[in-house]
Each structure stands twice: as structure tokens, then as C-alpha cells.
Amino acid sequence: MRLTQYFLPTLKEDPKEAEIASHRFMLRAGMVKQNSAGIYTWLPLGLRVLKKIERIVRYHQDIAGAQECLMPTIQSADLWKESDRYDAYGKQMLRITDRHDREMLYGPTNEEMITDVFRSYLKSYKDLPKNLYHIQWKFRDEIRPRFGVMRGREFLMKDTYSFDLTKADAVYSYQKMFLAYLKTYTDLGLRVIPMKADTGPIGGDLSHEFILLADTGESEVFIDEKWMNTDLSGKDIFYKNKAQLDSYFKEMTGIYAATDETHDGVNAPVNLIKTRGIEVGHIFYFGTKYSEALKATVQTKEGKNVPVEMGSYGIGVSRLVGAIIEANHDEAGIKWPSAVAPFDVGLINLKVSDEETSAVCKDLYDNIKNVGLDVLYDDRDTNAGGKFADMDLIGLPWQIIVGPKGLKNGIVELKKRETGERNEVSLDSIMTILTTSIRDLKRGF
Ligand code: 5CA
């Protein structure tokens, strides 16, 4: 993409309304525009990141055995009356009346709707297990939308719903999702800690929040120091090896980590770190809460009808964009982890009016695209300082800086945004360096 043609409205000044780094940088980097409180337009640069996160989330859901579907954003109130949550949800729920005076709502979550989908088709133990997910916009009329996309009113969530015959099977489904979450966050370039959690309005008796540690996080958390050296990647653990998965789950959930609500000072270890974090995922096992209310039953082998065992599993996809920035930035701007960067490479032409410089840049631009990398080419006829500042702000992992002085000696500059490290490299070797350093970071998502 050429910057002269791209819709990238960057801002030099910090917007007044932004209290935290991620919000400030998302507005300044032209990723989102606020339309009303907690409601945003995703501009092209922001949408690229959102899509990359979605892709990684989807990749791991599919491997764990979940199947993607897509439920609507608008739901009928009737289902919520069946589960008795229509009144309980209170003012958080955006209620709508259609032209026939039917009560509708903008979905804050989908337990009722997926249970209705399930009961419409599946009636036998032979149909189980099933696991369905979608990535869809939700609406919660938050009292205090703030921190940009981190606490929005309209936000993108991945929500998965598992259906099993027995509690033991449901716990296995829960453990598989638990593992999928750890693998997902690792591939997003994040270190996220699972913590025992309250189930709140979703209900149930087994629940974990996934917390990214950050000083600006909304949740107060308590974690055992041991977490600092624990491998959280879930690598080498297999979904189908039940015994291995079970012992891994017990090991991970055995190390003390709690949110403010579940922290119990009495049983907590002494070497506890009190800090703050961002909730980027939340999973629940709630048994038959919804299947009983909505009469989603299956027939067992013995011919008995029993309510299906369920769990639900959420990831805050749009919140993750902000959370990733909170964990990866400096004074100058964002430092995207490669897996979610909007472009892999930023190509800076220092002197557009110089014919040779522009010819070299054009060749490089084509070559980089041809090897399958995403490149943003700053071909604007503006000063170098502004170009460097914008490139640091939007935080692409690699920058290639091309100017007439270097080219006299066949040299361009390669900058790694993460460390700020700059190296002069020969024009002949740049493509090899790029493909070897970046290719192995990009997986087949
Ligand atoms: N039905 C369950 C799981 S599918 C559920 O709704 N869980 S939740 O309420 O915990 O939401 C799941 C995730 O969505 C949260 O962990 C959080 O990352 C994200 N989320 C929740 N509220 C907001 C919000 N107002 N803005 C942005 N993200 C949010």
C-alpha cells in the first residue's frame, strides 16, 4: 500500500480524551474514530489488526474442535425471558422495539440463542459433543465506557459454546478451551495468566479469567511469584491426550492467581504480587443452567431425557487490540508483535523527488509484496522527520529507510522497531534479510 493513497489520518497531538497509551496511540495512529461514547469506526489500519487477531483466534478454535457459525447481533427478547435474564440484565442491555412492537435487543452475549439453535436440531447423545463459536459484535450499555476500545459499548467478541452429555465430558471441553486460550495468547505475542474467577451474570461453578498484566488494567489481581517463570505457552500439550491435558490444567490452575473478587487472603501464599491487569478472556462451565431453562435436552443411551451440559468461552477481540498496545509501546508509539502487525514492513522514501531513490523504492516495494509480505510504502513528498515519527507511531516491526546518500554506496537502512536497532545493509542483501527474519515469524494462520 502506498501512503499517498492510503486512508491513514495520523495526529501529531495527543487527543485530550485519551487517558491511557493504547487509546492515545489508536487515535493518533488513525486506527479508530469514535462515533459516540464507546462506539467506534475501525479505520483501515485498525481493521487490519483486528482481522489479524481474529485469524489467530479462529486458527486455535478450529484446531481445538470448535466449529464457526455466525449468529445475528439482534435477538428476540422471548429467549431471554425463557432463561429469566431479560430483567436481570438491567440497563446494560440495549432494548429495541421493532415496527410490530416486538421486543428485541442488541445481544450482549449468546448463551440463550445458541441453546435455542442446539435444541432445534440436536436431540440425542449421539449428537454430542458439539462445540460452536462465532466472532460477532456485542453491545453492552456500559455505565462508563472508557479507555477507547478496551471498555467499549459495541465490541467484538469471540464466543464459543460447548455441549456435552456428562459433567466429566464438559470439564474436558473446558480444559481444551483453556489450552486453546493459552496457545492463542502466545501466538498473539502476549503473556496472559489464567485466574480463578467469579461467574457473575453468566452463572456456573467453574470459571477462569485470562489476564494480561498491565499497570493500566481495570482489574486488581494477586499472583504467586511463580507465574513469572512459568511456561504459559501450552506447547507440547495435546488436546486428545486427556490425562496429559488434565494434569496440565491442574498444574496451571494450581498456582495461585486471583482477581480482586476471588482473592482470599487466608489461603494465599506469602510471596504474592499485587498488581493490575486487563481481562482479555473469560471462560465458564455452567452445567445445565441454560439447557434446563430452555429445555435443551438429549436422549441418553438408556432412553432418558437429560439437559445438555454447557460451557461458554469468550475472548475480547477488539479489547485485545488495545491490550496488545498497552503491553507493547514506547514514548514514540506502538511496537506491534509480528503476528498482528497491520503491515510487516514500512518502506520510507527519504527523497521522492530523486529519481534513483524512487526507482529503488518502487522495485523494493514490488519485491516485498511479491514474497508475500505486507508493506506500507511512505511515498509522500514530505520531510524525513515527519516520516520517521509516523512510522514509529504506527509501529510496524521493520522499517527500510532509503535515501540518495546511502544509495551512492549501495546501502539502505534497516530498523527494527521493537529494539530501535538500526543497521546499514547492502541493497543486494535486503530481500534475503527480510524474508529470513520475517518469514519464520509469520505462521500459516
Ligand atoms: N458469554 C460469556 C463468554 S462467551 C461472556 O460474555 N463473557 S464476558 O462477559 O466475560 O465477556 C468476554 C470477554 O469480552 C471479556 O473477557 C472481555 O475481554 C470482553 N469484553 C467484555 N466487555 C467488554 C467491553 N465493554 N468492551 C470490550 N471488551 C469487552
Side-chain angles (χ1 to χ4, degrees), residues 20 22-23 26 32 34 37-40 42 50 53-54 57 61 66 69 71 73 75 79-80 83 85 88-89 91-94 106-115 131-163 173-174 177-178 180-181 184-185 188 190 192-195 197-204 206-212 214 217-219 221 259 261-262 277-286 289-290 310-326:
I20 59 170
S22 58
H23 190 195
M26 285 184 76
V32 289
Q34 183 177 310
I39 301 180
Y40 292 87
W42 288 79
L50 199 64
I53 296 173
E54 270 186 37
V57 168
Q61 289 299 300
C69 62
M71 289 175 268
T73 54
Q75 307 187 16
L79 284 176
W80 290 73
S83 71
R85 280 212 294 180
Y89 230 93
K91 290 199 165 208
Q92 276 246 357
M93 181 182 273
L94 181 66
Y106 194 126
T109 177
N110 285 64
E111 278 82 5
E112 283 79 356
M113 187 172 270
I114 199 79
T115 308
N131 197 335
L132 293 166
Y133 75 98
H134 72 162
I135 300 179
Q136 178 63 291
W137 294 92
K138 307 287 188 289
F139 195 95
R140 292 182 188 173
D141 205 352
E142 302 281 355
I143 235 173
R144 231 188 124 200
R146 59 182 185 154
F147 301 157
V149 300
M150 293 255 257
R151 179 163 297 280
R153 292 200 294 165
E154 192 184 40
F155 60 97
L156 190 61
M157 192 202 287
K158 184 286 300 170
D159 37 328
T160 306
Y161 302 88
S162 63
F163 302 88
S173 293
Y174 185 94
M177 272 301 134
F178 183 92
Y181 274 42
T184 303
Y185 296 122
L188 288 168
L190 296 173
V192 171
I193 295 176
M195 300 193 186
D198 272 349
T199 51
I202 310 284
L206 177 60
S207 177
H208 286 91
E209 283 179 23
F210 290 81
I211 306 272
L212 174 74
E218 284 192 303
S219 324
V221 295
T259 59
E261 294 85 31
T262 48
I278 303 165
E279 183 200 312
V280 289
H282 199 161
I283 63 176
F284 306 82
Y285 160 70
F286 48 72
K289 179 178 157 131
Y290 298 94
M310 292 175 62
S312 74
Y313 315 87
I315 288 186
V317 177
S318 51
R319 174 177 287 183
L320 268 167
V321 180
I324 290 170
I325 298 174
E326 284 303 319

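Counting starts at 1 for both ligands and their atoms, in listed order. Note that the structure is a prediction, hence the values are computed from the model and not measured.
Considering backbone and side-chain atoms together, Lys158 places no N or O closer than 3.5 Å to any N or O of ligand 1. Inclusion of Gly152 in the set of residues having an N or O under 3.5 Å from an N or O of ligand 1 is warranted. Residue contacts with ligand 1: Tyr313 is placed with no nitrogen or oxygen under 3.5 Å of a nitrogen or oxygen of the ligand (distance criterion only). When only interatomic distances are considered, the shortest N/O to N/O separation between Tyr161 and ligand 1 does not fall below 3.5 Å.
Ion pairing between a basic and an acidic side chain is recognised when a charged N comes within 4.0 Å of a carboxylate O; Asp141 and Lys91 show no such pairing. Here Arg85 pairs with Glu111 in a salt bridge; the nearest charged N to carboxylate O distance falls below 4.0 Å. Salt-bridge annotation for Arg151 and Glu218: present, with a side-chain N of the basic residue lying under 4.0 Å from a carboxylate O of the acidic one.
Heavy-atom separations between Phe210 and ligand 1 are all 4.0 Å or longer. Judged by the shortest distance from any of its heavy atoms, Ser318 lies outside the 4.0 Å radius around the atoms of ligand 1. In this structure, Glu209 falls outside the shell of residues with a heavy atom less than 4.0 angstrom from ligand 1.
Ring-plane geometry between Tyr181 and Tyr185 is classed as perpendicular, the angle between the planes exceeding 60 degrees on a 0 to 90 degree scale with a lower cut at 30. The aromatic rings of Trp42 and Trp137 sit tilted relative to each other, their planes meeting at an angle between 30° and 60°. Ring geometry for Tyr89 against Trp80 counts as perpendicular: the plane angle is over 60°, on a 0 to 90° scale with 30° as the lower cut. Taking the six-membered ring for Trp and thresholds of 30 and 60 degrees, Phe178 and His208 have ring planes more than 60 degrees apart, a perpendicular arrangement.
Under 4.0 angstrom from ligand 1, the non-hydrogen atoms of Arg140 all belong to its side chain. Here Leu320 has no heavy atoms under 4.0 Å from ligand 1, in either its backbone or its side chain. Contacts between Lys138 and ligand 1, counted as non-hydrogen atom pairs separated by less than 4.0 Å, are absent for every part of the residue.
Each of the atoms 26 (N) of ligand 1 lies under 4.0 Å from some heavy atom of Arg151. Per-residue contacts place Val149 under 4.0 angstrom from the following atoms of ligand 1 (heavy atoms of the residue considered): 27 (C). Set against the non-hydrogen atoms of Glu111, the atoms of ligand 1 under 4.0 Å away are 1 (N), 2 (C). The Gly314 neighbourhood of ligand 1 comprises atoms 3 (C), 4 (S), with distances under 4.0 Å to a heavy atom of that residue.
In summary, the aromatic rings of Phe286 and Tyr290 are positioned with their centroids under 6.0 Å apart.
Ranked by closest heavy atom to atom 15 (C) of ligand 1, the top entry among His282, Glu279, Arg319 is Glu279.
The closest side-chain heavy-atom distance from Lys158 to Tyr133 is below 4.5 Å.
Looking at every heavy atom in both residues, Ser318 comes nearest to Phe155 through OG-CB, 3.4 Å.
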